[in-house]
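Just so you know, these numbers come straight off a predicted model, no measurement behind them. By convention in this document, chain letters (A, B, ...) are assigned in the order of the sequence lines, proteins followed by strands, and residues within each chain are numbered from 1.
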Amino acid sequence: MKIAVQSEPFDFGAEAAGFASGHDDQGAVVTFTGIVRNTADGTLKQMRIEHYPGMTEKALAAIAEQALSRWSLGDVLVIHRFGDLAPGEMIMMVATAARHRKNAFEAAEFLMDYLKSRAPFWKKEILSNGAEWVAAKEEDENSLKRWQ
Amino acid sequence: MKIAVQSEPFDFGAEAAGFASGHDDQGAVVTFTGIVRNTADGTLKQMRIEHYPGMTEKALAAIAEQALSRWSLGDVLVIHRFGDLAPGEMIMMVATAARHRKNAFEAAEFLMDYLKSRAPFWKKEILSNGAEWVAAKEEDENSLKRWQ
Amino acid sequence: MDVLYFAWVRERIGLPKERVDTNATTVAELVAELRAREDRYEAAFADLSALRVAVDQDLTDFDAPITNAREVAFFPPMTGG
Amino acid sequence: MDVLYFAWVRERIGLPKERVDTNATTVAELVAELRAREDRYEAAFADLSALRVAVDQDLTDFDAPITNAREVAFFPPMTGG
């Protein structure tokens, strides 16, 4: 299990390849990567990600442990950045390895659903004409019900 | 859209990173990688993958087109190998990019479900004490019903 | 037309591809012709529920017409991924 | 105890962290004390349904006891991922 909370960029290709290699007992690896999406009118200058140092690492580890106890998984990876990110930059990734694809997919979706609404990160869009906190979506809160 | 059917290994890290980069309008990238899993007793020497040249490329392109028409996706990638692969080697990968994670996850699962049972590949396990064709699983056939 | 065999169908029949001259109008009629040939064909086609068929590289079923087909392929259920 | 504020709660109150000496036994009592202080606290805590709270870095609710807490944090619903 690897959990990282960092301001620096991560090398998605190297992380994904490293995670997927060296398993001959796990047949399925799923990765999810979150990318800073520009606004429709292209006005996003930066996505500023605030977090709660100390709690963030604990919350991510707890979510990963929950996934490991719920599905039969070979490994779990979570990397999440904070600070100022430009459009197109990668915010975070999760990866899961399992014997069968259903577990790998479900666990990755579970990690994402919990991470979205239960890990202490807050996004603020720095736009060319102002700045705005990203509001939590009811849809994201509803996604958690699937796992309860 | 990229579809590749090849006997050579592919560079998962480079493919995944290349696929995920350069999108500032797609917030979510999902990858799935299939890895040759050893038997429980470690007797697998090679996984031999046979395919139907000509039909394979057509079938994979048709499955990818179906995904593109069904979900709002920015891009789709499918790579599948054939020939003899050792335990731990990567057999195939799919990747999907979408604005939102739900579409990226669903489309990747759809691609995998169809690829498992509708793309003309057949696996034979070359074991230290013989060889055996991998039987299709009823479970895999049932997975398709979700999308019908 | 060309008739192709894959996986254990290929192994049972003993060849990957052959040219077949036939008046069969459907896949089922072609199968009946092949089964009548030799034991190895009979063995390969004994249980049609274990077989899949593609006509001109499109998956189809045993009722499919083959009058203008260039290529018919028989194989077990696929195991990709 | 330390009281921490994040995101727009931090911006409204105007600081990320402060030391608070209180006899409050629950989060709700602490919130009532803070709201009574100044307008900026009243503004930050006006709608509790828009707020989340963590006691000693664990998410909890406004009824939670804080008698032995070292750290209480207030923030809007999270938007990670």
If you count heavy atoms of other groups shown closer than 6.0 angstrom to [atom1] of [X], is the number above 12?
X: A:E8; atom1: CD; value: yes
X: D:D39; atom1: CG; value: no
X: D:E18; atom1: CD; value: yes
X: D:N23; atom1: CG; value: no
X: A:K58; atom1: NZ; value: yes
X: D:N68; atom1: CG; value: no

> What part of D:P16 is in contact with chain A, defined as an atom under 4.5 angstrom from a non-hydrogen atom: side chain, backbone, both or neither?
Replying inline: neither

> Under a 4.5 Å heavy-atom cut-off, does chain A meet the side chain of D:A54, its backbone, both or neither?
Replying inline: side chain

Measure [X] against the heavy atoms of chain D and call it side chain, backbone, both or neither at under 4.5 Å.
X: A:R48; answer: neither
X: A:A62; answer: neither
X: A:I91; answer: side chain
X: A:K124; answer: side chain

>> Show every ring-ring contact (aromatic ring centres under 6.0 Å, His included) that has at least one partner inside residues 5-39 of chain A, sequence neighbours left out.
In response: A:F32-B:F105

> Are any of the side-chain heavy atoms of A:M55 and D:E71 separated by less than 4.5 Å?
Replying inline: no

> D:T79 pairs by side chain to side chain contact (heavy atoms under 4.5 Å, CB included) with which of A:K137, A:K123, A:K116?
Replying inline: A:K123

> Is there a donor-acceptor contact under 3.5 Å from the side chain of A:H80 to the main chain of D:G81?
Replying inline: yes

> Which one of A:G34, A:P120, A:A59 has the most heavy-atom pairs closer than 4.5 Å to chain D?
Replying inline: A:P120

> Of the non-hydrogen atoms in A:R118 and D:M78, which two are nearest, and what is the gap between them?
Replying inline: O-CE, 3.5 Å

> Which heavy-atom pair separates D:F6 from A:P53 by the least distance, and what is that distance?
Replying inline: CE2-CD, 4.5 Å

>> Using 30° and 60° as the class boundaries, would you call the ring planes of D:F75 and A:W122 parallel, tilted or perpendicular?
In response: tilted

